[in-house]
Amino acid sequence: MKLRQIALLALTGVSISLAAAPSAAANKRQEERTQEILSRYEKTGESIYCLSLSSVRSTDVLDDHTIFVTAQGGSVYMSELLGRCIGLGRERRYIHEATTNRMCRGDLIRVVSNFGTAIGSCSFGSFEKLKEISQAE
């Protein structure tokens with residue numbers, strides 16, 4: 001009986017250490033992707049508190065801390081989340097339950113897993129306008 005328990009513990013230890021390796025590689029890819037996207041833009045120093053949902057064309061989760069928003073007319077904003085949204089960078093899915101037709105600083109978002117279950121939450125920060133860096137610079 002003890003031999004079976006030891007074998008199970010050893011097997012569990014192997015699976016844990018194998019699972020950790022891809023996670024480190026995934027984090028590195030995620031950081032590289034975030035840096036590549038943000039390297040094309042510069043902060044303008046202009047922040048707004050809310051965006052109209054009808055003006056939002058797309059959102060792109062960069063990591064557990066940052067969401068990139070493309071609005072109507074090509075305007076681009078970055079929201080640095082209030083607190084870390086654990087799992088958001090990995091899952092890249094969230095639910096924003098809007099009570100108005102706006103996406104605002106402080107609005108709660110919930111991270112959603114592959115299976116559709118909420119696994120964490122955080123809030124939007126302000127939306128800082130970004131300016132695309134021209135190729136000539």
Side-chain angles (χ1 to χ4, degrees):
M1 187 88 151
K2 281 194 173 210
L3 184 57
R4 180 183 285 181
Q5 289 173 340
I6 291 170
L8 181 58
L9 288 174
L11 182 59
T12 303
V14 170
S15 65
I16 289 171
S17 63
L18 290 175
S23 179
N27 286 342
K28 183 175 169 94
R29 282 191 308 272
Q30 183 179 15
E31 287 173 18
E32 289 170 353
R33 180 178 170 276
T34 297
Q35 289 307 315
E36 189 275 322
I37 290 170
L38 292 179
S39 71
R40 298 186 313 229
Y41 297 90
E42 61 186 1
K43 294 181 177 184
T44 63
E46 297 174 45
S47 288
I48 58 174
Y49 193 77
C50 295
L51 288 169
S52 165
L53 287 176
S54 62
S55 73
V56 173
R57 294 294 165 235
S58 66
T59 62
D60 189 7
V61 172
L62 299 184
D63 54 33
D64 286 355
H65 305 276
T66 316
I67 295 179
F68 189 79
V69 181
T70 304
Q72 191 172 18
S75 296
V76 178
Y77 299 88
M78 179 179 67
S79 180
E80 292 181 2
L81 304 172
L82 303 176
R84 181 176 178 208
C85 221
I86 297 173
L88 183 63
R90 179 186 65 247
E91 298 295 338
R92 301 186 63 202
R93 280 183 293 282
Y94 65 89
I95 295 172
H96 168 238
E97 293 180 11
T99 56
T100 64
N101 190 29
R102 302 183 312 165
M103 178 186 286
C104 296
R105 174 184 168 84
D107 283 359
L108 185 68
I109 62 173
R110 291 184 291 144
V111 179
V112 179
S113 74
N114 274 0
F115 306 106
T117 57
I119 59 172
S121 63
C122 60
S123 300
F124 284 118
S126 294
F127 298 89
E128 183 167 5
K129 190 168 188 174
L130 302 178
K131 177 183 167 192
E132 192 164 8
I133 298 171
S134 69
Q135 297 298 330
E137 290 181 19

Next item on the list: Scan residues 51-88 for pairs that pass disulfide bond (SG atoms under 2.5 Å apart), counting only residues two or more places apart or in two chains.
Entry: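 Applying disulfide bond (SG atoms under 2.5 Å apart) to every pair that reaches into residues 51-88, excluding sequence neighbours, yields Cys85-Cys122.
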
Check: Which disulfide bond (SG atoms under 2.5 Å apart) pairs, counting each pair once, include a residue from residues 30-60, with sequence neighbours left out?
Finding: Cys50-Cys104

Please list, chain by chain and in numerical order, all residues satisfying salt bridge (Lys or Arg N to Asp or Glu O under 4.0 Å) with [X], sequence neighbours excluded.
X: Asp107; result: none
X: Arg110; result: Glu97
X: Glu80; result: Lys43
X: Arg105; result: none

side-chain hydrogen bond (donor to acceptor under 3.5 Å, both in side chains) against [X], all qualifying residues, sequence neighbours excluded:
X: Arg57; value: none
X: Asn101; value: none
X: Ser47; value: none

Item checked: Residues that Phe124 engages under ring-ring contact (aromatic ring centres under 6.0 Å, His included), provided they are two or more places apart ->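 With sequence neighbours excluded, Phe124 shows a ring-ring contact (aromatic ring centres under 6.0 Å, His included) to His96, Phe127, given in chain and number order.
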
Next item on the list: Using the salt bridge (charged side-chain N to carboxylate O under 4.0 Å, His left out) rule, collect all pairs that involve residues 115-128, keeping only residues at least two apart or in two chains.
Entry: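 Qualifying pairs, neighbours excluded: none.
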
Less than 3.5 Å apart, which donor and acceptor atoms pair up between the side chains of residues 66-79 and the rest of the protein, not counting sequence neighbours?
residue, atom, partner, partner atom, Å
Thr66, OG1, Asp63, OD1, 3.1
Ser79, OG, Gly125, N, 3.0
Ser79, OG, Gly125, O, 3.1

